[in-house]
Protein chains: 2
Amino acid sequence: MIYIAGMDEHTDQTRKPRADAVRNRERVLEAAKAVFNAGGPDASLEAVAKRAGVGIGTLYRHFPTREDLFEAVYRREVEQLSEFAEQLKNAKDPVDALRRWLHSGVEFVATKKGMVAALALAVQSGSELHAFSFERLTKAIGSLLERAAAAGAMRADVSPEDLLRAFFGMCYMHDQPGWQSSVLRMLDVFVDGLRVRPVAKANAHAARATKPATKRKR
Amino acid sequence: MIYIAGMDEHTDQTRKPRADAVRNRERVLEAAKAVFNAGGPDASLEAVAKRAGVGIGTLYRHFPTREDLFEAVYRREVEQLSEFAEQLKNAKDPVDALRRWLHSGVEFVATKKGMVAALALAVQSGSELHAFSFERLTKAIGSLLERAAAAGAMRADVSPEDLLRAFFGMCYMHDQPGWQSSVLRMLDVFVDGLRVRPVAKANAHAARATKPATKRKR
DNA sequence: TTGTTAAACGGAGGGTGCCTCCGTATCTTC
DNA sequence: GAAGATACGGAGGCACCCTCCGTTTAACAA
């Protein structure tokens with residue numbers, strides 16, 4: 001178990017956390033943020049330690065695995081994204097709300113090279129980010145999806161997990177020039193596909209196409 | 001310049017390529033295929049060399065960079081995928097043809113862990129695979145898209161590059177259980193979004209949504 | 001066959017990064 | 001100020017990357 005800096009005044013009879021430990025943790029976090037955003041998820045941890053002015057051992061004590069560090073760095077960002085979904089719950093057009101959320105996600109990713117990787121980790125299983133981010137973002141998308149489906153504006157056979165995966169997948173390919181507008185365009189196409197078909201003929205096609213995916217997942 | 005094994009009888013006054021060189025190249029390729037498919041794109045090249053029963057130096061002489069090896073391994077597979085698109089050109093329903101191609105792409109990826117990465121490389125710029133695979137696959141998708149658009153069945157504002165990116169993006173997240181059916185489902189939604197809207201109201205939405213992407217890309 | 005020579009082989013070695021371990025330094029508490 | 005808990009930091013062992021070059025071997029000619 002690792003102390004989270006500044007959680008509250010020392011609870012009961014535990015010692016006050018050491019000042020240098022708190023300081024170093026903060027330094028490492030800041031350095032990691034910079035290094036990951038610039039160099040992506042494979043950036044050298046030793047570089048992070050050096051930038052933080054800290055020994056490599058100290059880094060590893062605070063964050064035993066690479067993922068732990070990632071999680072700490074991007075937890076707040078994920079939270080922001082999630083909160084934005086909360087705000088959008090009051091939008092008039094629920095389909096448009098979903099679209100707007102996705103778009104803001106793209107913008108979010110645009111400035112942070114490490115962010116995509118962090119979110120990709122969230123989507124894949126096994127990592128620690130999974131527990132936090134995945135659940136958080138799934139819930140965020142889920143609430144948007146649900147509202148749209150309840151309003152009858154959108155098909156109901158797509159799970160939040162599906163959507164999350166599709167979204168980050170698209171963002172993952174973000175090294176080309178012009179990736180951003182391309183992704184936005186693709187997301188629009190995608191959201192259009194989610195919209196409930198107003199005409200029977202189109203529905204027939206959709207039904208046939210969706211057949212191969214037998215189970216609703218999990 | 002590296003000799004491609006068995007291209008033809010030695011052209012003019014060049015020496016016949018050495019037998020051991022040809023043999024080793026083949027061995028390395030086979031080993032690399034196995035190792036990459038199993039361990040993904042970050043697999044150890046030294047493991048490849050060992051599996052091939054060859055010194056690490058030999059591996060590097062034949063394939064100076066990791067990407068070169070990747071390219072050699074997956075070139076044929078990409079070609080296959082591309083040829084399948086060619087066959088689909090004669091299908092009745094062009095939209096369905098596109099869907100089928102995408103589905104087969106998923107299947108293709110399913111058994112090859114390294115394949116996704118190879119294709120991701122193709123989509124990103126800089127790599128050598130770019131020149132070959134990207135162009136090839138873009139052309140494959142392009143022909144399908146074009147036919148569908150010409151038939152008036154599909155919107156014309158999505159480029160083959162966009163689609164390629166979206167496709168591989170979705171496949172990139174393929175470590176979860178059940179990823180395959182999820183991706184298939186998402187692709188269907190996506191293709192539905194591509195379909196030309198039969199009703200004015202829906203079209204209005206689509207037009208509004210597509211607005212942010214101002215340019216046709218590049 | 002045998003000799004010549006270009007070509008290919010393979011692995012040692014220098015570099016970087018990962019992570020662990022533990023002697024040393026520093027902080028908190030009394 | 002002393003004691004004890006806690007954190008520091010970097011040396012060290014490991015794995016991988018890639019290059020370089022002395023040694024081997026296959027192709028060709030005589």
Side-chain angles (χ1 to χ4, degrees), chain A residues 1-7 9-29 31-32 35-36 38-70 114 117 127-128, chain B residues 1-29 31-32 35-36 38-70 72 114 117 127-128:
Chain A
M1 190 61 92
I2 293 176
Y3 285 107
I4 305 297
M7 275 287 265
E9 298 316 293
H10 59 115
T11 37
D12 252 357
Q13 54 254 51
T14 64
R15 251 195 184 199
K16 183 163 56 163
R18 278 176 55 160
D20 53 350
V22 172
R23 177 170 31 80
N24 281 334
R25 190 171 205 282
E26 211 49 47
R27 278 189 188 169
V28 168
L29 271 178
V35 170
F36 282 143
D42 292 333
S44 154
L45 293 189
E46 265 157 14
V48 171
K50 186 177 288 179
R51 183 187 181 106
V54 141
I56 186 67
T58 297
L59 185 150
Y60 274 97
R61 195 169 338 93
H62 284 295
F63 308 99
T65 73
R66 193 182 206 82
E67 274 74 38
D68 288 336
L69 186 50
F70 247 92
S127 128
E128 254 309 306
Chain B
M1 188 63 89
I2 293 175
Y3 284 107
I4 305 298
M7 274 288 263
D8 52 12
E9 298 316 294
H10 58 112
T11 37
D12 253 356
Q13 53 255 51
T14 65
R15 251 195 183 198
K16 183 162 57 162
R18 280 177 57 160
D20 54 349
V22 172
R23 176 170 30 80
N24 281 334
R25 189 171 206 279
E26 212 47 49
R27 278 189 188 170
V28 168
L29 271 178
V35 170
F36 282 143
D42 292 334
S44 153
L45 293 190
E46 264 158 13
V48 171
K50 185 177 289 180
R51 184 189 182 105
V54 140
I56 186 67
T58 297
L59 185 150
Y60 274 99
R61 196 171 337 93
H62 283 294
F63 308 98
T65 73
R66 192 181 206 84
E67 274 75 38
D68 288 335
L69 186 51
F70 246 92
S127 128
E128 255 308 305

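We use all heavy atoms of the structure for the numbers below, so side chains are in, but hydrogens, waters and symmetry mates are not. Numbers restart at 1 for each chain; the letters A, B, ... are given by sequence-line order, proteins then strands. The model shown is predicted, which means the values in this text are computed figures rather than measured ones.
- Of the side-chain N and O atoms in T58(B), one or more sit less than 4.0 angstrom from OP1 or OP2 of dG10(C).
- As a whole-Å value, the separation of E67(B) CD from dC17(D) P is 12 Å.
- Of the residues near DNA chain D, R66(B) and N24(A), the one whose nearest nucleotide (by heavy atom distance) lies more toward the 5' end is N24(A).
- The side-chain contact (heavy atoms from CB on, under 4.5 Å) search around A32(A) returns F36(A), V48(A), L69(A), V73(A), not counting sequence neighbours.
- In this structure, NE2 of H62(B) is placed 14 Å from P of dA7(C), rounded to the nearest angstrom.
- Near-neighbour residues of DNA chain D inside residues 38-54 of chain A, defined by a heavy atom below 4.0 Å, number-ordered: V54(A).
- Rounded to a whole Å, the CZ atom of F70(B) is 12 Å from the P atom of dC17(D).
- Between R61(B) atom CZ and dA6(C) atom C1' there is a gap of 13 Å when expressed in whole angstrom units.
- For T65(A), the side-chain hydrogen bond (donor to acceptor under 3.5 Å, both in side chains) test picks out D68(A), with sequence neighbours left out.
- Closest heavy-atom contact between A43(B) and V35(B): CB-CG1, 3.4 Å.
- Contact detail for V22(B) and P17(B): the closest heavy-atom pair is CG2-CB, 4.3 Å.
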List the steps and the verdict of side chain to side chain contact (heavy atoms under 4.5 Å, CB included) for F63(B) and L45(B). CA-CA 11 Å; F63(B) 308 98; L45(B) 293 190; over 6 Å; no
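- Counting all heavy atoms, side chain and backbone alike, N24(B) lies closest to H62(B) at CB-NE2, 4.3 Å.
- Taking every side-chain heavy atom of I56(B) into account, dA12(C) is the closest of dC9(C), dT20(C), dA12(C).
- To the nearest 0.5 Å, atom NZ of residue K50(B) and atom CG of residue L59(B) are 13.5 Å apart.
- Applying the side-chain hydrogen bond (donor to acceptor under 3.5 Å, both in side chains) criterion to D20(B), with sequence neighbours excluded, gives R18(B).
- Partners of R51(A) according to the side-chain hydrogen bond (donor to acceptor under 3.5 Å, both in side chains) rule, which considers only residues two or more places apart in sequence or in another chain, do not exist here.
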Any N/O pairs under 3.5 Å between the protein and nucleotides 24-28 of chain C? List them or say none.
unit_1, atom_1, unit_2, atom_2, d
dT26(C), O2, R18(A), NH1, 2.9
dT26(C), O2, R18(A), NH2, 3.3
dT28(C), OP1, A19(A), N, 3.4
dT28(C), O2, R15(A), NH2, 3.1

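- In this structure, D68(B) places its CG atom 11 Å from P of dC18(D), rounding to the nearest Å.
- Rounded to a whole Å, the CZ atom of R25(B) is 15 Å from the C1' atom of dA7(C).
- Look at OH on Y60(B): it is 13 Å from P on dC20(D), rounded to the nearest Å.
- We find that CZ of F63(A) is positioned 16 Å from C1' of dC19(C), with the value rounded to whole Å.
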